[in-house]
Number of protein chains: 2
Amino acid sequence: MGVTKTEIFTEQQNRIADLAKAFSHPARVAILQLLISRKACVCGDLVDELELAQATVSQHLKELKRIGIIHGEINPPRVCYCINPVVWSEAQKTFGSLLDTFAPTESCCN
Amino acid sequence: MGVTKTEIFTEQQNRIADLAKAFSHPARVAILQLLISRKACVCGDLVDELELAQATVSQHLKELKRIGIIHGEINPPRVCYCINPVVWSEAQKTFGSLLDTFAPTESCCN
DNA sequence: GTAGTCAATCGTAAAGATACGATAGAATTT
DNA sequence: AAATTCTATCGTATCTTTACGATTGACTAC
């Protein structure tokens with residue numbers, strides 16, 4: 001997305017943004033939900049469930065792997081994708097504490 | 001981002017993706033954190049804190065308003081931006097339940 | 001070995017995102 | 001009224017994202 005000026009933000013802010021990217025596309029949300037519901041999955045199955053081309057699904061999986069929230073193991077004859085529990089719990093903590101810094105009952109400027 | 005095929009996903013998946021977009025850029029994370037820490041804020045102040053041009057900050061604010069997570073009221077001589085408590089608690093619930101659908105202790109395919 | 005399957009990668013088109021300078025609009029201050 | 005202040009919007013350059021067909025590489029099955 002154009003050029004993000006990563007260097008002017010804190011490491012925490014950049015990490016939050018990166019983790020949020022995992023959820024910022026409906027296809028990735030769908031993939032994560034599928035992986036969770038099945039405990040394990042392969043790309044071929046995912047292509048059947050999502051109405052997206054194999055190359056597109058693979059690209060989304062690559063992005064999720066870059067973020068670290070899933071990992072894929074070559075487990076012939078298939079590749080086995082799973083949620084990475086470490087990064088998932090990082091996401092739980094990160095979004096949990098971020099979302100808790102504001103209590104919706106607080107009155108603001110209105 | 002190219003053309004997202006919104007129509008092939010559920011409404012819930014699209015909403016999650018949209019809410020996640022609020023947090024998927026470090027500048028927007030920084031803006032939200034500033035709004036929270038001050039309870040109320042204006043664009044001018046934000047421009048001073050972030051090393052971004054006024055037009056850029058305004059653009060991020062517009063995106064946050066589109067998502068609904070903040071709202072701005074013209075309150076001369078300033079515009080007062082606040083977190084929208086309704087959407088914020090929607091985000092709390094949405095991410096909370098999504099992240100809770102997977103328990104990191106579960107063993108997966110490894 | 002040959003054919004078939006599965007997934008990653010390449011190449012590419014189209015569209016969205018990011019950033020900024022410049023301008024415009026609305027209100028206050030002088 | 002003129003100058004000032006603040007923010008939204010316009011216009012634009014550049015980079016990223018999304019999506020897909022085609023190809024490649026690796027393994028399985030025949």
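Lettering of chains follows the sequences in order, A, B, ..., and the numbering in each one begins at 1.
Protein atom CG of B:Leu61 is 11 Å distant from nucleotide atom P of D:dT9, rounded to whole Å. In this structure, NE2 of A:His60 is placed 13 Å from C1' of D:dT16, rounded to the nearest angstrom. If you take NE2 of B:His25 and P of D:dC15, they are 15 Å apart, rounded to a whole angstrom. The CZ-C1' distance, from A:Arg66 to C:dT9, rounds to 17 Å in whole Å. The separation between A:Ile8 atom CD1 and C:dT18 atom C1' is 11 Å, rounded to whole Å. One interatomic measurement links the two molecules: CG of B:Leu52 to C1' of C:dC20, which rounds to 10 Å at whole-angstrom precision. Taking atom NZ of B:Lys62 as the reference point, atom P of C:dC20 lies 17 Å away to the nearest angstrom. Atom CD in A:Glu7 sits about 13 Å away from atom C1' in C:dT18, given to the nearest Å.
Closest contact between the side chain of B:Thr4 and the listed nucleotides D:dC15, C:dT18, D:dT18 involves D:dT18. With C:dT18, C:dT9, C:dA19 as the choices, the nucleotide that has an atom nearest any side-chain atom of B:Thr56 turns out to be C:dA19. In the set D:dT9, D:dA19, C:dA15, D:dT9 carries the atom at the smallest distance from any side-chain atom of B:Ser58. Candidate nucleotides D:dT7, C:dC20, C:dT9 were compared by shortest atom distance to the side chain of A:Ala55, and C:dT9 ranks first. Among the nucleotides C:dC20, D:dC20, D:dT17, the one closest to the side chain of A:Lys21 is D:dT17.
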Determine, stepwise, if the pair A:His25 / A:Arg28 fulfils side-chain contact (heavy atoms from CB on, under 4.5 Å). CA-CA 5 Å; A:His25 192 284; A:Arg28 290 195 288 271; 3.5 Å; yes
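Remark: the B:Gln59 side chain and the C:dA19 base include a donor-acceptor N/O pair separated by less than 3.5 Å.
Once rounded to the nearest 0.5 Å, the distance linking CD of A:Gln54 with CG of A:Leu61 reads 9.5 Å.
Residue pairs meeting the ring pair (Phe, Tyr, Trp, His ring centres under 6.0 Å) criterion with at least one partner in residues 28-55 of chain A, sequence neighbours excluded, do not occur; the list is empty. For the salt bridge (Lys or Arg N to Asp or Glu O under 4.0 Å) condition, the pairs that include at least one residue of residues 56-68 of chain B, sequence neighbours left out, are B:Asp18-B:Arg66, B:Glu63-B:Arg66.
For the side-chain contact (heavy atoms from CB on, under 4.5 Å) criterion with A:Leu50, the lone passing option out of A:Asp45, A:Thr56, A:Ile31 is A:Ile31.
Contacts of B:Val42 with the nucleic acid, taken as non-hydrogen atoms under 4.0 Å apart, involve only primed sugar atoms and P, OP1 or OP2. Residue-level contact check: B:Gln54 touches the bases, meaning some heavy atom is under 4.0 Å from a base atom.
Of the two residues contacting DNA chain C, namely A:Lys65 and A:Thr6, the nearest-nucleotide position lying further toward the 5' end is that of A:Lys65.
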